[in-house]
Amino acid sequence: MTMWPITPSGPCPLPGLSMTPGQLDLWLVRSPAGGAQPVLDLSDLDESERARTDGFRRPADGLLYAAAHAGLRRLLSRYTGQAPWDVRFTREPCPGCGAPHGRPAVADPPVPLHFSLSHSSGVALLGFASVPIGVDVERLPREDTVDTCETALHPGERAELAAVPAADRRAVFGWLWTRKEAHLKALGVGLSRGTARDYLGLCGAQQPSDWAVHSVPCFTDYVAAVATPRRGPTEAAVRCIPAQWLGTSDAWRTEDAPAGVRLPLAVASRATTPLSLWSLPMLSSTQAAR
């Protein structure tokens, strides 16, 4: 049973040439059914993206990468009005050293727009907002992975993990880790900052004063999170990219956004137990295929 006050959002048009200040759109992508690459239209990808697709040792990883980046370009096209193949990417300056290896960004966007992308084991998550954001999605880890990696958590987070029943350790660790990754991506510093430095667990008073991190709905056996500025968006719309939007048809240009769920971020922040924070409504395979 969920503790989240979430209501379905009906089909609505995607934004045209504007992105409202309080808007936060999250899109989940599944690799094409059956792992068949021909169902993807890769014509929107640039040369480096196609080379990266072909360079993965596991074809399934290349397929997911291609699906995520095809979806990214097509959604950016709907948000900015640019053709997907004309969207150019850059890197923002690193907050630590100033070098151009910070957050990925659209070069010279015609509207205020930031994005973040994450992919893991057949699922990708894309986030779009008018303010800097970071997203992360992960498949629930194995028990031995939790045992090995829990030392990388903040001491306060390790204490929270130790307090849950053994049967819940995988889910709570996944909840903690995705929040940590999302925060680091939002900062634009990556793992160089150190995963144990910032507390992103249950106690809001100990969390960073300028960032808010939230878990978001995902598929069964996956966890996901988004980080936004503390005074940023107040609500998230979470949807699945329909499979036909990644193919050769014009569906991605003409169809309205599919139904999803709306997540009030302020209410989500007031959850009182770790399990209530990761026990979110699961998006079904039917929603993903629409």
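At least one donor-acceptor pair closer than 3.5 Å links the side chain of R91 to the backbone N or O of G102. The backbone N or O of T178 sits nowhere less than 3.5 Å from a side-chain atom of E181 that would complete a donor-acceptor pair. S116 places a side-chain N or O within 3.5 Å of a backbone atom of V135 that can act as its donor or acceptor partner. Side-chain atoms of E157 come within 3.5 Å of backbone N or O of L200 as a donor-acceptor pair. A side-chain donor-acceptor contact under 3.5 Å links R239 to the backbone of P258. Under the 3.5 Å distance criterion, the side-chain polar atoms of K180 are left unmatched by any main-chain donor or acceptor of A196. Judged by distance alone, the side chain of R170 and the main-chain N or O of T145 form no donor-acceptor pair under 3.5 Å. Judged by distance alone, with hydrogens and angles left aside, the side-chain atoms of R231 form no donor-acceptor pair with the main-chain N or O of D210 at under 3.5 Å. In this structure a side-chain-to-backbone donor-acceptor pair under 3.5 Å is present from R78 to W252. Side-chain N or O atoms of R158 include one that pairs as donor or acceptor with a backbone N or O of L153 at under 3.5 Å.
Separating the CG atom in D61 from the OG1 atom in T53 is a distance of 11.0 Å, to the nearest 0.5 Å. For the atom pair L125 CG and S118 OG, the distance stands at 6.5 Å (nearest 0.5 Å). A distance of 9.5 Å separates CG of L24 from OG of S130, quoted to the nearest 0.5 Å. L113 contributes atom CG, which lies 6.0 Å from atom CG of L76 (distance to the nearest 0.5 angstrom). With rounding to the nearest 0.5 angstrom, the CZ atom of R50 is 7.0 Å from the CG atom of L42. Here the CG-CZ distance, from L246 to R30, works out to 13.5 Å after rounding to the nearest 0.5 Å.
The aromatic rings of F89 and F115 stand perpendicular to each other, their planes meeting at an angle above 60°, with 30° marking the opposite boundary. Using the six-membered ring where Trp is involved, Y222 and F219 have ring planes that are perpendicular, over 60° apart on the 30 and 60° scheme.
Using a 4.5 Å heavy-atom cutoff, the side chains of L72 and F128 are in contact. Between V123 and R139, every side-chain heavy-atom pair lies at or beyond the 4.5 Å cut-off. Proximity of K185 to D136: side-chain heavy atoms (C-beta onward) are separated by under 4.5 Å at one or more points. With contacts defined as side-chain heavy-atom distances shorter than 4.5 Å, the pair L263/L26 does not qualify. Proximity of D108 to R88: side-chain heavy atoms (C-beta onward) are separated by under 4.5 Å at one or more points.
H183 and V213 make their closest contact through CB-CG2, 4.1 Å (heavy atoms, listed as atom of the first residue, atom of the second, distance). Residues P132 and W211 come closest through the heavy atom pair O-CZ3, 3.7 Å. Here the closest non-hydrogen pair linking V106 and Q82 is CG1-OE1, 4.3 Å. Nearest heavy atom pair, residue A227 against residue A182, reads CB-O, 3.6 Å. Between V137 and C218, the shortest heavy-atom distance links the atoms CG2-SG, 3.8 Å. Of all non-hydrogen atoms in R73 and D46, the two that sit nearest each other are NH2-OD2, 3.2 Å.
L64 is not connected to L40 by any chain of hydrophobic side-chain contacts under 4.5 Å among Ile, Leu, Val, Met, Phe, Trp and Tyr, and they are in different clusters.
Between R74 and D41 a salt bridge is recorded (basic side-chain N to carboxylate O distance below 4.0 Å). Salt-bridge annotation for E92 and R103: present, with a side-chain N of the basic residue lying under 4.0 Å from a carboxylate O of the acidic one.
Not counting sequence neighbours, the partners of Y65 by the ring-ring contact (aromatic ring centres under 6.0 Å, His included) test are F56, H69. Listed by chain and residue number, Y199 satisfy the ring-ring contact (aromatic ring centres under 6.0 Å, His included) test with H154 (two or more places apart in sequence, or in another chain).
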Would you please test T234 and L265 for side chain to side chain contact (heavy atoms under 4.5 Å, CB included) and show each step? CA-CA 5 Å; T234 60; L265 299 180; 5.6 Å; no
Show, in sequence, the C-alpha distance, side-chain angles and deciding distance for D147 and R169, and conclude whether the side chain to side chain contact (heavy atoms under 4.5 Å, CB included) test is met. CA-CA 9 Å; D147 293 339; R169 277 173 54 81; 3.0 Å; yes
